[in-house]
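All values below come from the heavy atoms of this structure, side chains included, with hydrogens, waters and symmetry mates left out.
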Amino acid sequence: MADQLHPQDGAAGRDSAELDLPTGIVVGVDGSEHGHCALMWAAAEAKRRRRPLHVVTAYSVPLFAASGLDGGYASFDDTVIRDGAEAVLKEAVEKLGEVDGIEVTSSVESGDASGVLLEFSKAAELLVFGTRGRGGFVGRLLGSVSSALPAHAACPTVTVPLRFAERIGEEIEDRHLKAEQAKEGHASLEHVVAVGVDGSDQARVAVLVAAEEAMMMGVPLRVVCAVPQFSGSLAWVPAPVDREQLFEDIRAQLKAGVAWLQSHFPDLEVQTSLLDGAPVDVLVEVSRTVELLVLGTRGRGGFTGMLLGSTSDGVLHHTKGPVMVVPDHADERLADRASFGPMLAP
């Protein structure tokens with residue numbers, strides 16, 4: 001395993017052609033427990049995929065208004081902040097010392113963390129980060145990064161919540177999370193990858209990526225579809241809604257979708273789960289017990305109330321386990337979906 005510190009200035013503001021962007025899996029760290037969970041998940045994924053892992057942290061130099069009559073702005077020496085960032089990075093790389101079989105590189109980047117990681121997403125296979133990070137040094141809050149990246153990254157992103165620490169047998173210090181876990185009780189982990197669907201092409205792209213992930217893990221894929229309750233108080237919703245017939249129609253569409261998926265992944269075990277409830281609530285609960293939950297972004301299809309773009313954002317804020325968000329992109333395997341049977345109407 002190779003460790004390197006590569007301090008680089010102004011990474012977020014340079015053209016990608018001027019950067020030696022890392023490939024493989026990129027994980028952002030900030031010295032917090034949240035960042036540590038993301039780091040360990042990324043390391044396990046890098047080993048599973050047999051891909052290199054790049055660990056990165058970023059810092060911003062604050063500007064202070066000048067006190068002189070000439071006005072303007074003045075900055076101070078960033079040595080202390082940079083030293084703090086390098087210490088965070090060194091600690092993260094050292095935590096990976098016991099993980100064999102992966103190639104590790106690392107870098108400290110000067111600039112906005114979201115901008116740095118978005119730039120890295122242009123070459124990365126996967127971008128990984130924690131949620132609600134508060135540790136590290138001035139200017140590093142991974143919480144804001146985890147909110148900004150999934151909607152704009154060029155590659156799939158994985159958000160790893162602090163709850164993941166329980167799965168890898170590590171103690172956490174967050175008192176609020178400890179109290180929440182004690183209230184909810186222990187949830188047994190199912191060795192399965194789940195993916196949320198709504199009938200949109202964006203969701204179908206997510207299904208294909210989820211299938212690839214399940215194949216790599218050697219576990220079944222569970223296709224989850226949530227049917228929200230219709231409210232009669234909404235004038236634009238038809239009053240008579242036969243939910244039994246609705247469920248039957250969706251089951252037929254899911255069956256056709258599974259046939260299509262298995263035509264591309266004949267060795268993959270595919271399960272379906274049709275659940276009654278609000279998509280965010282259903283998927284957050286699913287995330288408690290599965291290895292990984294996969295979602296698309298900017299979905300607009302399916303049925304009334306199910307917008308996977310807004311759903312993925314809601315799930316990310318409340319997830320109980322790792323969530324992968326797959327950006328919308330063209331996939332030639334979508335071309336033959338219609339030949340396998342009915343599809344959820346957009």
Side-chain angles (χ1 to χ4, degrees), residues 28 30 32-38 40-42 114 127-135 141-153 156-168 170 172-190 192-198 200 202-203 206 210 213 222-229 273-299 302 305-327:
D30 70 346
S32 67
E33 287 184 303
H34 308 261
H36 172 62
C37 283
M40 301 313 293
W41 189 93
S114 296
L127 207 58
V128 184
F129 37 83
T131 59
R132 299 187 300 280
R134 286 176 174 76
L141 297 177
L142 274 183
S144 60
V145 172
S146 63
S147 297
L149 287 181
H152 303 288
T157 63
V158 174
T159 303
V160 183
L162 186 54
R163 287 171 171 269
F164 180 72
E166 180 183 16
R167 298 190 186 180
I168 57 177
E170 296 211 1
I172 58 172
E173 299 178 3
D174 191 302
R175 292 178 297 173
H176 297 292
L177 181 55
K178 282 184 176 181
E180 188 179 337
Q181 287 178 319
K183 182 179 179 180
E184 292 180 353
H186 178 74
S188 299
L189 180 65
E190 297 181 84
V192 62
V193 171
V195 57
V197 299
D198 70 346
S200 65
Q202 291 88 351
E213 194 72 18
R222 181 173 300 158
V223 180
V224 179
C225 185
V227 184
Q229 290 288 338
S273 181
L274 179 57
L275 301 172
D276 196 342
V280 170
D281 295 340
V282 166
L283 293 171
V284 166
E285 185 60 27
V286 166
S287 73
R288 291 187 67 206
T289 59
V290 300
E291 293 273 6
L292 178 68
L293 174 63
V294 182
L295 302 173
T297 185
R298 298 190 299 278
M306 180 55 170
L307 300 178
L308 199 54
S310 57
T311 297
S312 60
D313 185 62
V315 172
L316 287 173
H317 281 85
H318 302 285
T319 183
K320 313 298 184 183
V323 176
M324 176 184 289
V325 175
V326 180

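When every heavy atom of Pro327 is checked against every heavy atom of Thr297, the shortest pair comes out as CA-CG2, 3.7 Å. The shortest non-hydrogen separation linking Ala38 to Val128 is O-CG1, 3.6 Å. Taking all atoms of both residues into account, the shortest heavy-atom contact from Val326 to Val294 is CG2-CG1, 3.7 Å. Pro322 and Leu292 get closest at one heavy-atom pair: O-CD1, 3.6 Å. Across Pro228 and Ala226, no two heavy atoms sit closer than the pair CD-O, 3.5 Å. In terms of heavy-atom proximity, Ala210 sits nearest to Val195 at CB-CB, 3.7 Å.
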key: Verdict with reasoning, Val325 to Thr159, per side chain to side chain contact (heavy atoms under 4.5 Å, CB included)   = CA-CA 8 Å; Val325 175; Thr159 303; 5.8 Å; no
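When side chains are defined from C-beta on, Pro150 counts as touching Phe129, because their heavy atoms get closer than 4.5 Å. By the 4.5 Å heavy-atom criterion applied to side chains, Ser273 and Cys225 are not counted as neighbours. Cys37 is not listed as a side-chain neighbour of Pro161, based on a closest heavy-atom distance of 4.5 Å or more.
Not counting sequence neighbours, the partners of Glu190 by the side chain to side chain contact (heavy atoms under 4.5 Å, CB included) test are Val192, Arg222, Thr289. In this structure, the side chain to side chain contact (heavy atoms under 4.5 Å, CB included) partners of Asp276, at least two apart in sequence or on a different chain, are Gln229, Arg243, Phe247.
At distances below 3.5 Å, at least one donor-acceptor pair connects side-chain atoms of Ser287 with backbone N or O atoms of Lys320.
The distance from the OG1 atom of Thr319 to the CG atom of Leu295 is 8.5 Å, given to the nearest 0.5 Å. Here the straight-line distance linking atom CD of Glu291 with atom CD of Glu213 works out to 10.0 Å at 0.5 Å rounding.
Shown are Leu283, Val284, Asp281; of these, the side chain to side chain contact (heavy atoms under 4.5 Å, CB included) with His318 is made only by Val284.
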